[in-house]
Amino acid sequence: GRRMQFDLGPGAVSFGGGVHQLSGGGSPDLDGCIFKENEAAGGGGMYLDEGSTATLDECEFTDNTATVDGAGLSVWGETTVPTLDNCRFTDNNAGSNGGGMWNVDSQPALTNCVFQNNLASANGGGMYNVRSSPTLSDCEFSTNNSGVTGGGISNSDLSNPVLTEC
């Protein structure tokens, strides 16, 4: 199949440098997409807002920047339940939290995903969870770094991730 690449580069975007799935729901099905070298305050590569049930398969989040949180992917909202299979988060950089992925009040499900060489200046180099319950199966976290807590994963405010064979 044909691969789509989102590489809009740096700019003055608040949320979703590559893609912003607006609140109110939606179920985009993205297969083999590349989110590369995008920048935003939150969700440098992609921002999924309240109500999204996006499905991402074999997507890559590489070299994205968030001046605040969620350089690769930001997932926000109690009814936001994305599914990610075989996705890669590499070399993303957050100015605060969640170099690879930042989850707030959400329940993403990840299978066979790789988080490698992501950086957060504060917490969660690979992933940062706030009041979230992500489910991770067969995922790998390696060489992620943070300035304060959780080079791989950092959890706060009653987050309850479930990890199986990670």
Polar contact flag, side-chain donor to acceptor under 3.5 angstrom, Ser27-Thr53: yes
Flag for Asp29-Thr55: side-chain donor and acceptor within less than 3.5 Å: no
Count I, L, V, M, F, W, Y as connected when their side-chain heavy atoms are under 4.5 Å apart, and connections chain through other members. Are [X] and [Y] then in the same cluster?
{"X": "Leu30", "Y": "Val75", "answer": "yes"}
{"X": "Met127", "Y": "Leu119", "answer": "no"}
{"X": "Val19", "Y": "Met101", "answer": "yes"}
{"X": "Leu110", "Y": "Phe141", "answer": "yes"}
{"X": "Phe115", "Y": "Leu163", "answer": "yes"}

Distance check, rounded to the nearest 0.5 Å: [X] atom [atom1] versus [Y] atom [atom2]?
{"X": "Leu84", "Y": "Leu136", "atom1": "CG", "atom2": "CG", "answer": "9.5 Å"}
{"X": "Thr90", "Y": "Glu60", "atom1": "OG1", "atom2": "CD", "answer": "7.0 Å"}
{"X": "Ser74", "Y": "Asp49", "atom1": "OG", "atom2": "CG", "answer": "10.0 Å"}
{"X": "Leu73", "Y": "Asn103", "atom1": "CG", "atom2": "CG", "answer": "7.0 Å"}
{"X": "Cys139", "Y": "Glu165", "atom1": "SG", "atom2": "CD", "answer": "11.0 Å"}
{"X": "Asn93", "Y": "Thr65", "atom1": "CG", "atom2": "OG1", "answer": "5.5 Å"}

Between [X] (side chain only) and [Y] (backbone N and O only), is there a donor and an acceptor less than 3.5 Å apart?
{"X": "Ser106", "Y": "Ser132", "result": "no"}
{"X": "Asn144", "Y": "Asn118", "result": "yes"}
{"X": "Glu50", "Y": "Thr79", "result": "yes"}
{"X": "Asn64", "Y": "Gly43", "result": "no"}
{"X": "Asn92", "Y": "Phe61", "result": "yes"}
{"X": "Asp69", "Y": "Asn97", "result": "yes"}
{"X": "Thr80", "Y": "Trp76", "result": "yes"}

side-chain contact (heavy atoms from CB on, under 4.5 Å) assessment of Cys59 paired with Cys33: CA-CA 5 Å; Cys59 292; Cys33 292; 3.8 Å; yes
Minimum-distance pair of heavy atoms, taken over all atoms of [X] and [Y]:
{"X": "Ala120", "Y": "Gly99", "value": "CB-N, 3.8 Å"}
{"X": "Ala41", "Y": "Thr67", "value": "CA-OG1, 3.1 Å"}
{"X": "Val81", "Y": "Gln107", "value": "CG1-O, 3.4 Å"}
{"X": "Ala40", "Y": "Gly17", "value": "CB-N, 3.5 Å"}

How about [X] and [Y]: do any of their side-chain heavy atoms sit closer than 4.5 Å?
{"X": "Ser137", "Y": "Asn112", "value": "no"}
{"X": "Ser96", "Y": "Ser121", "value": "no"}
{"X": "Asn129", "Y": "Ile153", "value": "yes"}

Salt bridge (Lys or Arg N to Asp or Glu O under 4.0 Å) between Arg131 and Asp157, intermediate numbers included: CA-CA 5 Å; Arg131 296 177 307 276; Asp157 299 326; 3.6 Å; yes
Name of the residue among Ser146, Ser156, Ser154 meeting side-chain hydrogen bond (donor to acceptor under 3.5 Å, both in side chains) with Tyr128: Ser156
